[in-house]
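None of these values were measured; they are calculated from a predicted model. Residue numbers start from 1 in every chain, and the chains themselves are labelled A, B, ... in the order their sequence lines are given, proteins ahead of strands.
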Amino acid sequence: MDKNLQIYNTLTRKKEVFEPLNPPFVGIYVCGPTVYNDVHLGNCRTFISFDLIYRYLLHLGYKVRYVRNITDAGHLEGDRDEGDDKFAKKAKLEQLEPMEIVQKYTLSFREVMSVFNTLPPSIEPTATGHISEQIEMIKEILKNGYAYEKNGTVYFDVEKYNTVFPYGQLTNRKLEELIEGTRELSGQDEKKGRLDFALWIKSKPETLMKWPSPWGWGFPGWHIECSAMSTKYLGEKFDIHGGGMDLQATHHTNEIAQSQACSNTAPAKYWMHTNMLTVNGTRMSKSAGNGFLPRELFTGNHPLLDRGYSPMVVRFFMAQSHYRSTLDFSNEALQAAEKGFFKLMKAGETLEKLSPSTESTVNITELEDNCYKAMNDDFNSPILISNLFEAVRIINSVNDGNEKINKEDLENLKSLFQIFVFDILGLKNEKSGESSNLANDLIDMILNLRLDAKKNKDFATSDKIRNELTAKGVVIKDTKDGFEWELTD
RNA sequence: GGUCAGUUGGCCGAGUGGCUAGGCAGCGGUCUGCAAAACCGUGUACGGCGGUUCGAAUCCGCCACCGACCUCCA
């Protein structure tokens with residue numbers, strides 16, 4: 001097992017050697033979606049990034065338990081534990097039960113994830129399925145004195161917590177600075193401190209999703225579900241906790257506080273945060289209204305898009321940037337990625353047809369080392385891809401007779417290509433569904449006629465055939481003694 | 001205002017104190033009847049100004065610009 005994997009840890013703000021708590025087991029928890037709406041592409045980026053991380057850990061031989069929750073209750077709109085429940089609001093809007101909303105968007109989320117070829121997590125727990133675990137945890141926090149109840153709502157006492165634990169450690173901020181950034185409490189506010197957040201929220205008479213608790217009917221606050229569920233399935237302390245960068249300051253800060261206050265244990269050893277997807281330099285977000293839906297991207301049905309791009313092109317595009325960098329969305333960038341992706345896939349097909357020589361003029365071992373080096377350096381997929389294009393060069397050069405490869409190297413190259421392109425990057429060759437055999441046969445027949453024309457130096461006819469087939473989307477590539485063809489979109 | 005990032009060649013996007021990232025586009029060549037594809041070659045890139053250093057785009061300081069978080073969002 002490779003011991004050289006380095007992971008950037010948000011807690012320490014530097015890369016650290018990855019050492020699992022209980023090898024070969026690895027526990028990873030990623031904050032999943034709140035299923036009251038379609039996921040947009042920015043959300044997808046995070047889950048695709050963690051899919052890459054999950055796949056690489058699996059490849060290294062770790063026994064990974066990957067937990068990604070579904071938030072299906074308790075996420076309020078508006079600021080500071082006020083405002084409507086997101087599900088209730090959406091349910092009203094669509095005239096459905098809140099749980100119908102949950103079901104609808106859970107299914108659509110899973111479908112999108114599957115289209116992007118992400119592996120399903122080991123466990124996908126829901127907030128509503130773990131109410132009692134959350135209540136138990138809140139009771140423990142209350143018992144330890146880090147929370148207080150006010151009229152059926154339980155708040156976490158941030159200022160008291162901060163006297164014992166560093167509350168702002170994940171964002172490197174002091175409590176005083178954090179307090180300055182919040183607004184004054186109003187007269188009727190139940191909270192004692194401006195940073196206090198709700199662990200349990202008393203329901204209103206009209207609230208549909210509510211549960212009985214020691215503090216009366218209510219529902220859990222947004223942050224407690226992740227603490228309760230990560231503890232249940234991964235233990236009080238586990239290896240990796242991940243999520244989007246936007247969750248770092250509030251959600252993850254509060255998760256750490258809850259776990260510390262409950263069991264005196266910091267929940268995760270490594271915190272990983274993925275950066276935002278941007279459009280014209282600005283964050284893609286629900287509220288900004290600049291969010292692309294995956295479907296809009298695939299079909300090209302969006303004002304900012306010239307045309308559609310396939311899921312694998314998008315996945316490849318995302319892998320070309322590092323997960324901790326922002327990635328900007330544009331037609332030009334997508335088109336460039338598309339060409340690169342097709343080139344990579346084509347090389348994969350060529351690779352299968354290569355025949356070995358007795359000697360090798362290429363260095364596959366070095367190439368393989370470089371691929372591992374890239375991934376071991378905090379999952380640097382862009383560098384991995386640049387190495388894979390070196391593989392593409394080798395494949396095409398061997399195919400052209402400019403390089404030689406022996407049997408052993410060829411086998412290694414095939415295995416390397418399979419491992420890094422398909423197993424780890426999670427790409428797949430999505431060559432548009434082959435048209436009917438009849439159509440294929442007809443194209444072959446026509447091209448054979450063209451070949452005859454060429455042999456007879458009847459270039460007028462051969463060019464006419466090529467032009468007309470090209471116009472119909474058949475790209476012709478002449479080879480030494482024949483031809484190849486493929487369909488464009 | 002506070003915290004944290006970023007500013008790289010026509011576009012996207014890595015990275016490093018001295019040694020080619022890569023993709024896309026462009027240019028020249030090989031191949032081809034001509035193309036296409038492929039291969040080979042090809043780019044005074046690192047926001048500005050100072051400083052440290054034998055040497056900085058890479059470290060430090062200041063400035064400018066842009067962004068994220070601090071209020072729901074992956």
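At a threshold of 4.0 angstrom between heavy atoms, the contacts of Gly32(A) are confined to the sugar-phosphate backbone, with no base atom among them. Base engagement by Asp478(A) is indicated by at least one non-hydrogen atom pair under 4.0 Å involving a base atom. Residue Asn399(A) is out of contact with every strand shown, counting any heavy-atom pair closer than 4.0 Å. Residue Asn396(A) is in sugar-phosphate contact alone, with no base atom involved, counting any heavy-atom pair closer than 4.0 Å across all strands shown. At the heavy-atom level, Thr171(A) lies under 4.0 Å from the strands shown only through sugar-phosphate atoms. At the heavy-atom level, Arg173(A) lies under 4.0 Å from base atoms of the strands shown. Within 4.0 Å of Ile476(A), counting heavy atoms only, lies at least one base atom of the nucleic acid. Residue Ser462(A) is classed as a base contact, given a heavy-atom separation below 4.0 Å to a base. Within 4.0 Å of Met284(A), counting heavy atoms only, lies at least one base atom of the nucleic acid. Here Arg466(A) lies in heavy-atom contact (under 4.0 Å) with a base. Across all strands shown, Leu344(A) has no heavy atoms under 4.0 Å from either base or sugar-phosphate atoms. Backbone-only engagement by Gly243(A) is indicated by non-hydrogen atom pairs under 4.0 Å involving sugar-phosphate atoms exclusively. Here His273(A) lies out of heavy-atom contact (under 4.0 Å) with every strand. Looking at heavy-atom distances under 4.0 Å, Lys339(A) makes contact with sugar-phosphate atoms alone, never a base.
Across the strands present, C66(B) finds no partner; the criterion is a Watson-Crick or G-U wobble pair with both atom distances under 3.5 angstrom. Both distances falling under 3.5 Å, in either a Watson-Crick or a G-U wobble arrangement, place C59(B) opposite G51(B). Across all strands shown, G26(B) forms a Watson-Crick or G-U wobble pair with U42(B), both key distances being under 3.5 Å.
Going from atom NZ of Lys373(A) over to atom P of G15(B) covers 15 Å, rounded to whole Å. Counting to the nearest Å, the C1' atom of G23(B) and the CG atom of Leu427(A) are 14 Å from each other. Separating the CG atom of Asn456(A) from the C1' atom of C34(B) is a distance of 17 Å, rounded to the nearest angstrom. As a whole-Å value, the separation of Phe329(A) CZ from C24(B) C1' is 16 Å. Here G13(B) presents its P atom at 6 Å from CG of Leu327(A), a figure rounded to the nearest Å. Summarising the geometry, the separation between CZ on Phe483(A) and C1' on U32(B) is reported as 17 Å, rounded to the nearest angstrom. One atom, CE of Met345(A), and another, P of A38(B), lie 15 Å apart when rounded to the nearest Å. Whole-Å rounding puts the Asp246(A) CG to U3(B) C1' distance at 16 Å.
In summary, the side chains of His130(A) and Tyr233(A) do present a donor paired with an acceptor at a separation below 3.5 Å, with no hydrogens or angles considered. Between the side chains of Arg68(A) and Thr118(A), no donor-acceptor pair of N or O atoms lies under 3.5 Å.
On a pure distance criterion of 3.5 Å, no polar donor-acceptor pair joins the side chain of Asn387(A) and the base of G22(B).
In the set G33(B), A68(B), A14(B), G33(B) carries the atom at the smallest distance from any side-chain atom of Phe459(A). Checking A14(B), C39(B), A74(B) against every side-chain atom of Thr46(A), the shortest atom distance belongs to A74(B).
Checking side-chain atoms of Ser122(A) against main-chain N and O of Tyr66(A) turns up a donor-acceptor pair under 3.5 Å. Under a 3.5 Å cut-off, the side chain of Asn448(A) and the backbone N or O of Asp444(A) do form a donor-acceptor pair.
Look at Asp51(A) and Arg55(A) and you find a salt bridge, because one of the NZ, NE, NH1 or NH2 atoms lies within 4.0 Å of a carboxylate O, short of that distance.
Taking only side-chain nitrogens and oxygens, Lys174(A) never comes nearer than 4.0 Å to OP1 or OP2 of G2(B). Using a 4.0 Å cut-off, no side-chain N or O of Thr278(A) falls inside it from OP1 or OP2 of G67(B). Between Asn172(A) and C4(B), a side-chain N or O to OP1/OP2 separation shorter than 4.0 Å is present. Note on Arg393(A): every side-chain N or O is 4.0 Å or more away from OP1 and OP2 of G22(B).
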Exercise for the section: In sequence, state the C-alpha distance, the side-chain angles, and the governing distance for Glu190(A) and Tyr155(A), and then conclude on side chain to side chain donor-acceptor pair (under 3.5 Å). Expected result: CA-CA 9 Å; Glu190(A) 294 173 336; Tyr155(A) 292 101; 3.0 Å; yes
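Aromatic pair Phe116(A)/Phe298(A): centroids less than 6.0 angstrom apart.
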